[in-house]
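Take a look at the structure below.
Chain A is the first sequence line, chain B the second, and so forth, proteins listed ahead of strands; every chain is numbered from 1.
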Protein chains: 2
Amino acid sequence: MAKVGIRDVAKEAGVSIATVSYVLNNSRNVRPQTRERVIEAATRLGYHADVNARSLQSRRSYLLGYSWRPLPVNVSSPILDQFIHCMGMAAYQRGYHLLAFPTPSDKDEIQVYQELVSSRRVDGIVLGATNTIDPRITYLSTIDIPFVAFGQTSPEEDFPWVDVDGRKGVRQAVEHLASQGFDRIGILAWPEGSRSGQERLQGYLDGIYEMGQPVREEWIVRVNHNAEEGFQGAMRIMSLPADIRPTALVCVSDLIAVGAMNALYHLGLRPGQDVGVVGFDDMPLADLLVPPLTTLRQPIDQVATLIVDQLMTLIEGEEIPAEKRQISLEPTLVVRASSLKQPLQFPISSTQKETAP
Amino acid sequence: MAKVGIRDVAKEAGVSIATVSYVLNNSRNVRPQTRERVIEAATRLGYHADVNARSLQSRRSYLLGYSWRPLPVNVSSPILDQFIHCMGMAAYQRGYHLLAFPTPSDKDEIQVYQELVSSRRVDGIVLGATNTIDPRITYLSTIDIPFVAFGQTSPEEDFPWVDVDGRKGVRQAVEHLASQGFDRIGILAWPEGSRSGQERLQGYLDGIYEMGQPVREEWIVRVNHNAEEGFQGAMRIMSLPADIRPTALVCVSDLIAVGAMNALYHLGLRPGQDVGVVGFDDMPLADLLVPPLTTLRQPIDQVATLIVDQLMTLIEGEEIPAEKRQISLEPTLVVRASSLKQPLQFPISSTQKETAP
DNA sequence: ACCGTTAAGTTAAACGTTTAACTTTCTGAT
DNA sequence: ATCAGAAAGTTAAACGTTTAACTTAACGGT
């Protein structure tokens, strides 16, 4: 069975191909009766316009490109699949699809983007977790291609993004720990130079300030984004003399929190009961750790929808309204046992509850 | 700057557009000197053929479709991102890209596939984790579109797939547990009706048989693919009278293993030291659990490469050689503390070692 | 020197749509 | 009844490639 084209539909409905096109895109008035006939013919034949022909004509690929940096081994990207899924959905609702391409090695990174744009493969690009100065952004800004980033970089660079407000989130975490009676709160932060790391740290400082405490340098330890360093960082911070040793740890990522909890066990301390722990990301499994991890959940689906919205606006050739161009969303604190002094509840018993205010 | 097209290159090089095309696709002999000139012009102008025009002409989209079923909440798809990444790479090396589309609700699932094919959006389709009879397979078989599945269904259905041999894997796990001195091994299996579940169970039976033991019905508990049920299943199995209670548990997935380990803690038993536990998947974080989880790792990158290979063959209009049409790969046993009787080593200390024979 | 054959280039016709520009038909105000 | 103007439909020209078919140049064997 040969592929059914617009001509077949036209013949079937007894009209010209232009009319078929007008009906199907409803881009012009057509007599209701004719329209009816065309639609009927199209559905009967199971016609769908060849997207390649349409792309050629309209100079649009109806494709959104999304690339993410390959995950270092053992560093799961807790939200990647969720994010792709949401973006795919959002795109689909607008007649678009998602082109997922792995970021190649830094060397030919730009080249791949160039090719993607210059061959008209994609109409717009979503930039995954950017949080540091990024050559891609500089490049994409110079050429004329719509793009939106998940995450901002430095304040000087001006481009459309959607981000999650780590500062507010961490501040919330600190407040929560304080309200649970943890009075000495330390933080495992990222190394300097990371935008979102700096933000989250700032949230910690906000929280401490609000508690009316002075900031203690010894309670701030910087580690990279993996569990191993979380372990070591926690070991370091918890080896302070007993009288100034923190009673709770805020971690800038769940992965770090996992390492930290391991360190606590190693020192004979029980996360939750003895030392409060909060993470960031709400990765899958966060609720299955022992104890289940209190953490900040990012509103991924919202992020995805907003990004696609912005992108569509740009693709239509319009400007994004100023108030929508750079959006900061708040994460949600998901309270689990790791930040409560109550004795350890086993996580998987069906009676367990979670609260996300 | 207007987009540079093949005409621009032709003019720049002083030849006709046909020659440019011939050079760039090297589909016909061209005098070396001319070819040189064309290539030089093309790179200088930064020319990349408009993929939409090319698609229209060649009736190929150079796109591979991949859809996966949306993840139930809290069920991470441990390998999804890895898989997408590997597939994207493999596709790219062959001049292809990956179209990631979320599987819609069952209702209009088929319809979406229809549209995808009928609008020539994709040249081929990769079917994600199929392990039960799947309407998509039936549909895709009837229409004429290349597709390859990751995972087989029932033996009657004949289509190209790549799978991971769960039977061999689980058997290996049983042997390993036995070699560590665990002599009473139970299994948390999936409900009946799942192809891969049945396979993994068979691997368990193989292992028990090899140990020279009879199979005990009480040691086989069926649960769904989540931690909660893993917890309950383990509670059930471990509540057997002390003299016939298993000393080790094989779990058909890491998620179930996580639940099981929680149950063991709940019962005052230490995973590893008291009761051996093995999972399946090597999800991210498997090595960060307490204790780190022994598990079976799927060779995702190989799977991806093979699938793309098969797909490309089909797209070229050729037959897949019989011996490559249905490929079963072996998983690798990754031994960590959860299956060793040694006292618990804390996982994150930098001295820790993993063995993957 | 001639001619057949091959190599190297060119021309022009697709590919399947969208849409501007044109023609025909209908409508209703005078 | 007439006619302007709108509505409905059609024709044909793009969109930017690939590639079959054709032209011209080059080559070598007799």
Side-chain angles (χ1 to χ4, degrees), chain A residues 1-39 41-42 45-63 95 115 117-123 316, chain B residues 1-39 41-42 45-63 95 115 117-123 316:
Chain A
M1 53 176 183
K3 201 197 173 277
V4 17
I6 197 174
R7 288 155 214 282
D8 303 306
V9 179
K11 196 179 296 173
E12 182 83 5
V15 295
S16 71
I17 61 166
T19 303
V20 175
S21 175
Y22 287 134
V23 169
L24 264 28
N25 301 309
N26 51 6
S27 48
R28 238 187 62 177
N29 268 353
V30 170
R31 203 144 43 100
Q33 167 192 349
T34 318
R35 139 183 302 273
E36 182 71 12
R37 223 157 9 113
V38 169
I39 291 182
L45 299 180
Y47 169 77
H48 292 277
D50 183 313
V51 76
N52 301 304
R54 165 199 275 252
S55 285
L56 176 55
Q57 159 66 32
S58 63
R59 249 139 310 165
R60 290 241 192 123
S61 64
Y62 302 99
L63 245 29
E115 193 181 317
V117 171
S118 148
S119 66
R120 284 219 176 82
R121 205 36 338 168
V122 298
D123 294 343
E316 302 296 345
Chain B
M1 54 176 180
K3 197 194 175 284
V4 17
I6 197 173
R7 289 155 214 282
D8 303 306
V9 179
K11 195 179 298 173
E12 182 84 4
V15 295
S16 72
I17 62 166
T19 304
V20 175
S21 176
Y22 287 134
V23 168
L24 263 29
N25 301 310
N26 51 7
S27 47
R28 238 187 61 177
N29 268 352
V30 171
R31 204 143 45 101
Q33 166 192 351
T34 318
R35 138 183 303 270
E36 182 70 11
R37 224 156 10 114
V38 169
I39 290 182
L45 299 180
Y47 169 76
H48 292 277
D50 184 313
V51 76
N52 301 305
R54 165 199 276 253
S55 285
L56 176 56
Q57 158 66 32
S58 64
R59 249 140 309 165
R60 291 242 191 122
S61 65
Y62 303 98
L63 245 31
E115 195 181 314
V117 170
S118 149
S119 66
R120 285 220 176 84
R121 206 36 334 171
V122 298
D123 294 343
E316 301 296 345

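- Under 4.0 angstrom from either OP1 or OP2 of C:dG16 there lies no side-chain N or O belonging to A:N52.
- No contact: A:S55 has no heavy atom under 4.0 Å from any strand.
- Note that OH of B:Y47 and NZ of B:K3 are 6.5 Å apart. Values are rounded to the nearest 0.5 Å.
- The salt bridge (charged side-chain N to carboxylate O under 4.0 Å, His left out) test applied to B:R120 returns A:D50, not counting sequence neighbours.
- Residue A:H48 contributes atom NE2, which lies 16 Å from atom C1' of C:dG16 at whole-angstrom precision.
- In the helix from C:dA1-D:dT30 to C:dT30-D:dA1, the terminal helix axes, each the rotation mapping four pairs' C1' atoms onto the next four within five end pairs, subtend 50°, rounded to 10°.
- Summarising the local packing, CD of B:E36 is surrounded by 12 or fewer heavy atoms from other residues, nucleotides or ligands at distances under 6.0 Å.
- Position along DNA chain D of the nearest nucleotide to B:L56 versus B:R28 favours B:L56 as the more 5'-ward residue.
- When distances run from any side-chain atom of A:R7 to the nucleotides C:dT19, D:dT17, C:dT17, the shortest one goes to C:dT17.
- Residue contacts for B:S58: at a heavy-atom cut-off of 4.0 Å it reaches no nucleic acid atom on any strand shown.
- The side chain of B:Y22 sits closest to D:dA21 out of D:dT17, D:dA21, D:dC15.
- In this structure the side chain of B:V23 never reaches within 4.5 angstrom of the side chain of B:R37, judged on heavy atoms.
- No donor-acceptor pair closer than 3.5 Å links the side chain of A:S21 to the backbone N or O of A:I17.
- If A:I17 and B:Q57 are placed on DNA chain C by their nearest nucleotide, the residue sitting closer to the 5' end is B:Q57.
- Atom CZ in B:R54 sits roughly 9 Å away from atom P in D:dT19 (whole-Å rounding).
- Relative to the side chain of A:T34, the nucleotides D:dT17, C:dT17, D:dA8 differ in distance, and D:dA8 lies closest.
- As judged by a 4.0 angstrom heavy-atom cut-off over every strand, A:S16 is placed among the base-contacting residues.
- Comparing B:R31 and A:L24 against DNA chain C, the residue whose closest nucleotide sits nearer the 5' end is B:R31.
- Here the side chains of A:I6 and A:L24 are not in contact, with every heavy-atom distance at 4.5 Å or above.
- Between B:S21 and the phosphate of D:dT17, there is no side-chain N or O to OP1/OP2 separation shorter than 4.0 Å.
- Under the salt bridge (Lys or Arg N to Asp or Glu O under 4.0 Å) criterion, the residue pairs touching residues 8-27 of chain B are B:E12-B:R44, with sequence neighbours excluded.
- With hydrogens and angles ignored, the 3.5 Å screen pairs a side-chain donor or acceptor of B:R59 with a backbone N or O of B:Q57.
- Taking atom CG of residue A:N26 and atom P of nucleotide C:dT19, one finds them 12 Å apart after rounding to whole Å.
- Comparing atom distances between the A:Y47 side chain and each of C:dT17, C:dG9, D:dG16 picks out C:dT17 as nearest.
- Per the geometry, CZ belonging to A:R59 stands 11 Å off C1' belonging to C:dT19, to the nearest Å.
- Rounded to a whole Å, the CZ atom of A:R121 is 14 Å from the C1' atom of D:dT17.
- Rounding to whole angstrom units, CZ of residue B:R120 and C1' of C:dT17 are separated by 12 Å.
- We find that OH of B:Y62 is positioned 16 Å from P of C:dC15, with the value rounded to whole Å.
- Under 4.0 angstrom from either OP1 or OP2 of D:dA7 there lies no side-chain N or O belonging to A:N29.
- Regarding A:I6, its CD1 atom lies at a distance of 16 Å from the P atom of D:dA12, rounded to whole Å.
- Considering only side-chain atoms of A:A18, the nucleotide from D:dT19, D:dT11, C:dT17 that sits closest is D:dT11.
- Within 4.0 Å (heavy atoms only), A:V15 reaches sugar-phosphate atoms of the nucleic acid but no base atom.
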